[in-house]
Amino acid sequence: MNLEQHKIRLRVPAKINLSLDIVGRKENGYHLLEMVMQSIGLYDEISLSILPAKKFCYRITCNRPWIPTDERNIVYKAAAAFFGEKLPDISLHINIYKHIPDQAGMAGGSADAAGVLVGLNMLYDNVYTEEKLREIGLTVGADVPYCIHGGTAFVSGIGEQIADLTALTDGYIVGARPKVGISTKAAYQGFDNAHPGVVQLPSSAKTEHIVSAVKSGDLNSIALGMFNVFEDVCGVQEVENLKVLLLKMGAVGAMMTGSGSAVFGIFSRQLDAQNAYESLKNTQPDVFFASISGKMSVIADSD
């Protein structure tokens, strides 16, 4: 590869869970999941630039000052995993411009990592297939393979098994991350405490229902079928309050996404969604409004 100056910018979408169930635990402690996941039209922006250098060096910048910009950041881990054991003699700059709430269960960090992997792959002439890129992504984080693939999908295993479902295109998402957060570790610990010693659990009939509802594309049926096993074990009152509020504002369904603590509502009418968004902005610190469908894409220089 002729490294003069190479740059790329990508929009990477957030995700929501339309369902999340835990069906077992592996001996290494990883939880086995069954989820229906959806990319939504809320995006972070990832910019990558590469210059020749005498040895590998990197710089990470971000518009949110509390996010680490050293090797703790998942985007560094993604870049290191892409290159493998021998880092190339380049200077790599990764800039993250965030819109996705962090620590919210919306895969903001995983989406950024996926953007780095996809962007580097494009800069290096697509040296990896998507399947291989997802394998690399799994070593970085459980949600990264899905974030590389995107769309409407049934995701299982520890996040590596992805099956496309009928794409959802109609509807709007409004939600917020309450001030009270839920760490991923605490969420899984809460589940384990509620199910001590369990190695395997049966697939829920709720999972079958939500998969069927998504295939039908009926928002009302989807809303009735949504469920998240973490809601029962986390017990955060702010989550319940937000769900009730979104339903009062006209959402056809409301739920916490991922391990939380962001809560979203699905709206069938854009006007209802816009009104809910404007109202929530007066009371909640981290509010979002998006189309129900999102896709990773390259940003042209003219954008």
Side-chain angles (χ1 to χ4, degrees), residues 7-17 20 33 35-50 58 60-64 67-69 71-84 92-164 167 184 257-259 262 288 290 293-299:
K7 294 182 178 180
I8 193 169
R9 289 192 301 151
L10 301 101
R11 289 190 183 97
V12 294
K15 66 84 178 169
I16 55 172
N17 289 85
L20 194 163
L33 307 169
M35 305 176 287
V36 175
M37 299 172 80
Q38 175 70 30
S39 301
I40 64 173
L42 175 66
Y43 299 93
D44 282 354
E45 184 178 312
I46 300 295
S47 299
L48 300 170
S49 61
I50 296 175
Y58 75 94
I60 299 170
T61 52
C62 183
N63 64 315
R64 292 180 179 167
I67 290 179
T69 53
E71 295 181 10
R72 292 172 294 169
N73 195 302
I74 192 171
V75 299
Y76 173 84
K77 297 173 183 177
F82 179 86
F83 291 120
L92 172 64
H93 177 205
I94 303 171
N95 182 64
I96 311 164
Y97 196 93
K98 294 199 68 66
H99 295 283
I100 303 170
D102 48 279
Q103 298 182 342
M106 300 179 72
S110 295
D112 298 341
V116 167
L117 290 171
V118 171
L120 286 174
N121 200 42
M122 294 176 74
L123 290 176
Y124 280 84
D125 303 319
N126 294 310
V127 64
Y128 294 127
T129 64
E130 183 189 304
E131 182 179 4
K132 179 60 178 178
L133 214 58
R134 282 159 46 184
E135 287 180 17
I136 296 170
L138 188 63
T139 68
V140 178
D143 281 340
V144 178
Y146 166 75
C147 289
I148 291 170
H149 186 76
T152 309
F154 176 68
V155 182
S156 56
I158 61 171
E160 82 285 8
Q161 299 173 30
I162 303 170
D164 286 322
T184 300
T257 182
S259 58
F288 51 91
S293 178
K295 184 178 181 180
M296 187 185 300
S297 61
V298 176
I299 303 172

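The chain is numbered in sequence order, starting from 1. Both backbone and side-chain heavy atoms feed into the values below; hydrogens, waters and symmetry mates do not.
- Residues K295 and P13 form no side-chain contact, since every pair of their non-hydrogen atoms from C-beta on lies 4.5 Å or further apart.
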Donor-acceptor contacts, no H, no angles, side chain residues 149-163, under 3.5 Å, sequence neighbours left out:
from, atom 1, to, atom 2, distance (Å)
H149, ND1, E130, OE2, 2.7
H149, NE2, D164, OD1, 2.7
H149, NE2, D164, OD2, 3.4
T152, OG1, Q38, OE1, 2.5
T152, OG1, L168, N, 3.1
S156, OG, Q161, OE1, 3.2
E160, OE1, I158, N, 2.8

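- Between N121 and V127 there is a side-chain heavy-atom pair separated by less than 4.5 Å.
- Nearest heavy-atom pair across V75 and N73 is N-OD1, 2.9 Å.
- Taken to the nearest 0.5 Å, the NE2 atom of H93 stands 12.5 Å off from the CD1 atom of I50.
- Considering only heavy atoms from C-beta on, T257 comes within 4.5 Å of K15 through its side chain.
- Put simply, the side chain of Y128 never gets that close to the backbone of V118: no donor and acceptor are under 3.5 Å apart.
- Residues satisfying the side-chain contact (heavy atoms from CB on, under 4.5 Å) criterion with Q103, sequence neighbours excluded, are absent altogether.
- Counting all heavy atoms, side chain and backbone alike, I136 lies closest to F82 at CG2-N, 4.0 Å.
- A donor-acceptor distance shorter than 3.5 angstrom exists from the side chain of D44 to the backbone of H99, with no hydrogens or angles considered.
- Evaluation of the salt bridge (Lys or Arg N to Asp or Glu O under 4.0 Å) test over residues 150-159, restricted to residues two or more places apart or in two chains, returns none.
- In terms of the side-chain contact (heavy atoms from CB on, under 4.5 Å) criterion, residue partners of A290 (sequence neighbours excluded) are, by chain and number, I40, L42.
- Distance check, rounded to the nearest 0.5 Å: OG of S47 to CD1 of I94 gives 10.5 Å.
- Between the CD1 atom of I67 and the CG atom of D112 there is a distance of 7.5 Å, given to the nearest 0.5 Å.
- With rounding to the nearest 0.5 Å, the separation of OH in Y76 from CG in L92 is 10.0 Å.
- Atom NZ of K98 and atom CD of E45 lie 12.0 Å apart (nearest 0.5 Å).
- In this structure, the side chain of Y58 engages the main chain of E71 through a donor-acceptor pair within 3.5 Å.
- The two residues L123 and K7 make their nearest non-hydrogen contact at CD2-O, 4.0 Å.
- Annotation for G115 and I46: closest pair C-CG2, 4.5 Å, computed over non-hydrogen atoms.
- Residues passing the salt bridge (charged side-chain N to carboxylate O under 4.0 Å, His left out) test with K132, sequence neighbours excluded: E135.
- Under the 30°/60° scheme for interplanar angles, the aromatic rings of F83 and Y124 are found to stand perpendicular.
- The two residues V140 and K77 make their nearest non-hydrogen contact at CG2-O, 4.0 Å.
- For A142, there are no side-chain contact (heavy atoms from CB on, under 4.5 Å) partners two or more places apart in sequence or in a different chain.
- Closest heavy-atom contact between P101 and F288: CG-CD2, 4.0 Å.
- Note that the CD1 atom of I16 and the CE atom of M106 stand 7.5 Å from one another [nearest 0.5 Å].
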